[in-house]
Amino acid sequence: MEHQHPEKYTCTMHPQVVQDKPGICPICGMILVLQSKNQNPPDSGHQHSSNPTMGHSGHNHHAMMIADFKKRFYVVLVLTIPIMLLSPMIQQFMGVDWEFPGAAYILFALSSIVFIYGGWPFLKGLVDEVKAKNPGMMFLIGFAITVAYIYSVAIVFGLQGMDFFWELTTLILIMLLGHWIEMRSVAGASKELELLVQLMPSDAHMVMPGMIHDVKTDTLKENDIILVKPGEKVAADGIILEGESYLNESMLTGESKPVKKGKGEKVIAGAINGNGSIKVTVTHSAKDSYLSQVIKLVDEAQKSKSNTQLLADTAAKWLTIIALVSGIATFLYWYLSGQPLAFAMERMVTVIVICCPHALGLAVPLVVAKSTALSAKNGLLIKNRTAFENARKITTVVFDKTGTLTVGKFQVSKIVSLQKEVTENELIRILSALEQKSEHPIATGILQKAKDLSITIPEITNFNAITGKGVEATFDSKKVLVVSPGYLKESGIAIPDGFTPNDTETVVFVVINNLLAGYISLSDEIRPESADAIKTLKENNIKSILLTGDNNKVAKSVSEALGMESFIAEVLPHQKLEKIKELQSQGEFVAMTGDGVNDAPALAIANVGIAVGSGSDIAAETAGIVLVNSNPKDIVSLILFGKATYRKMIQNLIWATGYNVIALPLAAGVLYKQGILLSPAAGAVLMTVSTIVVAINASMLSVKK
């Protein structure tokens, strides 16, 4: 028998809200939607499929919700006018008397329509929150309007006092307006994720024998060939088979300049093609594309709760309890001190409305939605929210050298043969044979030199990597080693006379049958952006330390050229972990930057692990944050953006709770004798304004490059 999964309902704007039954989102008041059968639950991180239409359906649903609140607002607005004119208190205020037989019943009928139609989202929310045993904003608003309505109905049918209908109507009117405006603000805060979803084109031009056929993007699979015309978006990740063009990848990597790409180079789905026409061999299907992975990562990060979010959730729960207790206490105080029942009820309703934790519920999620999507657009991919928010605590950044602070493209600067029978070209031939399967920057430099010299790379056997020291293999029946100077010292092989490497060079020795055959020097250029990045860190009182497997001289040279605090050289991958622990034991809050492969243990143990230069391989499992580009300035941008994001969260939390400190006593009637009293409608206006301020503040967040 097939296992039946229970139905789950979730909010399209706040996927962390999941219920077993239909209901309303306690954060934004939207109706929860049923997850489709093939859709993973929100906590699995597969909310968005590779098909962009799924993103559009969520967007359309949200637009329908905004339209629904707008319609309810206008209907209630029209009904508010006759209700106000028929209310004895308003007539008294205007100095008129329009009393006529049956006026109270017409007022009751119109107010009942407002209560049921206008108040429906709040009443439905009240029921859902009671069922979920999680009273929140909807419970408070629903409770306030129900109390006001029942009391007013009792007045119409014989209870002595003055009805509450006009206050009830204006309260519902303002709450509907507030929800409508705020939902539009929420839609704006999550627009960046929607833009990412829209980046993926829905169609692709598939190249078939003798023809080009238009197909849906999500039907593409590995090894398909597609044509990308000038100005179009690339439909899938792949490798250029034919043609060259400038590609704009700014929305994907944050790299503002279009990048020139030709045959054999990688392209990313969603990038905008420039003036050339290119044919691309698809490397994987749409659901595995870089863009789909980014969308998934953003979605997961938006749903994950950091400590700040948990703090806000706790505060919102307490505010709900305070609202109910304060409301009931206010009612009892005024009623027992001899005030009319209507006055005591009005004070209670106002206190409860003022205390709604709506702004508090939105304070952090809005900043999360905005910051995560903005980060992705700038090539900063947040996998762990807590790691990102902890960026503000960083006191030390540990940099891997190659490819982060330096360009990472090693070029052969010197070739020295130490045996007559081994020519310089033969040295390169041996080196390229052993390094042909390696992706290390040194290997890339050697292979590039072999290509420049048109050297054919032969096959080798018995290949073996010597961790952190080099490689060995059998070549032409000889045992050949390509090793670092450290290996020579350990093995007792004498370093040749006259060997004086330049401080910025990396040297690789070739040993054939235990005899030193020669060596080559390679140099790597420091990135022009590195000095600025280190300088900005210093200005923010953050230390920078170089951690590299390279020799002391190279490390010292790079460290001094960039003005770094210190360096740690000749460190093997497994030793990097110990160095990070050492720094942490000295009280440092450490961010480690590395390529995510051999630096994995160090990235995992660091307080904040930042994988850099991972390109389309964004699944650097151990890092909390992945930087698409290797630019060290992005590390600084990330830290400063983390600080800015945290500031926005705290500002929102202060605003969302702070206004209650002033408004609650006024609502309760503390200054009643001084003639200052808030009406329920004024309370609703204050609550709405606080929510909108929180939404606007979140939307002002930006990444400073």
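Heads up: numbering here begins at 1 and tracks the sequence.
- Considering only heavy atoms from C-beta on, Leu640 comes within 4.5 Å of Val636 through its side chain.
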Report, one line per pair, each donor and acceptor closer than 3.5 Å where one atom sits in a side chain of residues 333-345; sequence neighbours left out.
residue : atom : partner : partner atom : Å
Trp334  : NE1  : Ala668  : O            : 2.6
Ser337  : OG   : Tyr333  : O            : 2.9
Ser337  : OG   : Trp334  : O            : 3.0

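- Applying the side-chain contact (heavy atoms from CB on, under 4.5 Å) test to Leu123 and every residue at least two apart in sequence or in another chain returns Phe115, Ile145, Thr146.
- In plain terms, the two heavy atoms of Gly327 and Val351 that are nearest each other are N-CG1, 3.7 Å.
- A heavy-atom distance below 4.5 Å is found between the side chains of Leu666 and Ile676.
- Residues that satisfy the ring-ring contact (aromatic ring centres under 6.0 Å, His included) test with Phe165, not counting sequence neighbours, are absent from this structure.
- Remark: Phe641 CZ to Ser702 OG distance equals 7.5 Å, nearest 0.5 Å.
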Legend entry - Verdict with supporting geometry, Leu176 and Phe122, side-chain contact (heavy atoms from CB on, under 4.5 Å): CA-CA 9 Å; Leu176 287 170; Phe122 311 114; 4.0 Å; yes
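- The 12-atom threshold is not exceeded at OH of Tyr105, counting heavy atoms of other residues, nucleotides or ligands nearer than 6.0 Å.
- Using a 4.5 Å heavy-atom cutoff, the side chains of Leu677 and Leu671 are not in contact.
- For the atom pair Phe388 CZ and Ser375 OG, the distance stands at 4.5 Å (nearest 0.5 Å).
- The structure places CG of Leu701 at 6.0 Å from CG of Leu374, a figure rounded to the nearest 0.5 Å.
- In this structure Lys643 satisfies the side chain to side chain donor-acceptor pair (under 3.5 Å) test with no other residue, sequence neighbours excluded.
- Considering only heavy atoms from C-beta on, Asn607 stays 4.5 Å or farther from Lys393 through its side chain.
- Going from atom CG of Leu177 over to atom OH of Tyr74 covers 8.5 Å, rounded to the nearest 0.5 Å.
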Inset, instruction - List the steps and the verdict of side-chain contact (heavy atoms from CB on, under 4.5 Å) for Leu664 and Ser326. - result: CA-CA 9 Å; Leu664 195 149; Ser326 304; 4.2 Å; yes
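- For the pair Val397 and Ile635, the minimum side-chain heavy-atom distance is below 4.5 Å.
- Shown here for Ala591 and Ile394, the closest heavy-atom pair between the two residues is CB-CD1, 3.5 Å.
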Legend entry - Asn378/Ser637 under side-chain contact (heavy atoms from CB on, under 4.5 Å): CA gap, chis, key distance, verdict: CA-CA 9 Å; Asn378 286 276; Ser637 294; over 6 Å; no
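- With sequence neighbours left out, Tyr646 forms a side-chain contact (heavy atoms from CB on, under 4.5 Å) with Thr308, Arg392, Ile650.
- Take Val127 and apply the side-chain contact (heavy atoms from CB on, under 4.5 Å) test, not counting sequence neighbours, and it matches Lys131.
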Donor-acceptor contacts under 3.5 Å from residues 75-82 side chains, at least two apart:
residue : atom : partner : partner atom : Å
Thr80   : OG1  : Val76   : O            : 2.6

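- Here the shortest heavy-atom pairing between Thr350 and Glu346 reads OG1-O, 2.7 Å.
- Judged as a side chain to side chain donor-acceptor pair (under 3.5 Å), and not counting sequence neighbours, the contacts of Ser112 are Tyr149.
- Distance check, rounded to the nearest 0.5 Å: CD1 of Ile352 to CZ of Phe331 gives 11.0 Å.
- Considering only residues two or more places apart in sequence or on other chains, Phe139 meets the ring-ring contact (aromatic ring centres under 6.0 Å, His included) condition with none of them.
- Between the side chain of Asp634 and the main chain of Leu627, no donor-acceptor pair closer than 3.5 Å is present.
- The distance from the OG1 atom of Thr395 to the CG atom of Leu537 is 11.5 Å, given to the nearest 0.5 Å.
- Every residue two or more places apart in sequence or in another chain that forms a side chain to side chain donor-acceptor pair (under 3.5 Å) with Asn697 is listed here: Lys648, Gln651, Asn652.
- Across Ala391 and Val608, no two heavy atoms sit closer than the pair N-CG2, 4.4 Å.
- Every residue meeting the side chain to side chain donor-acceptor pair (under 3.5 Å) condition with Thr396, not counting sequence neighbours, appears here in chain and number order: Glu588.
- When all heavy atoms of Gly142 and Leu126 are compared, the closest pair comes out as C-CD1, 3.4 Å.
- Sequence neighbours left out, the pairs with a member in residues 69-79 that pass salt bridge (Lys or Arg N to Asp or Glu O under 4.0 Å) are Asp68-Arg72.
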Legend entry - Chi angles and distances behind the side-chain contact (heavy atoms from CB on, under 4.5 Å) call for Leu324, Phe143: CA-CA 9 Å; Leu324 286 169; Phe143 179 76; 4.3 Å; yes
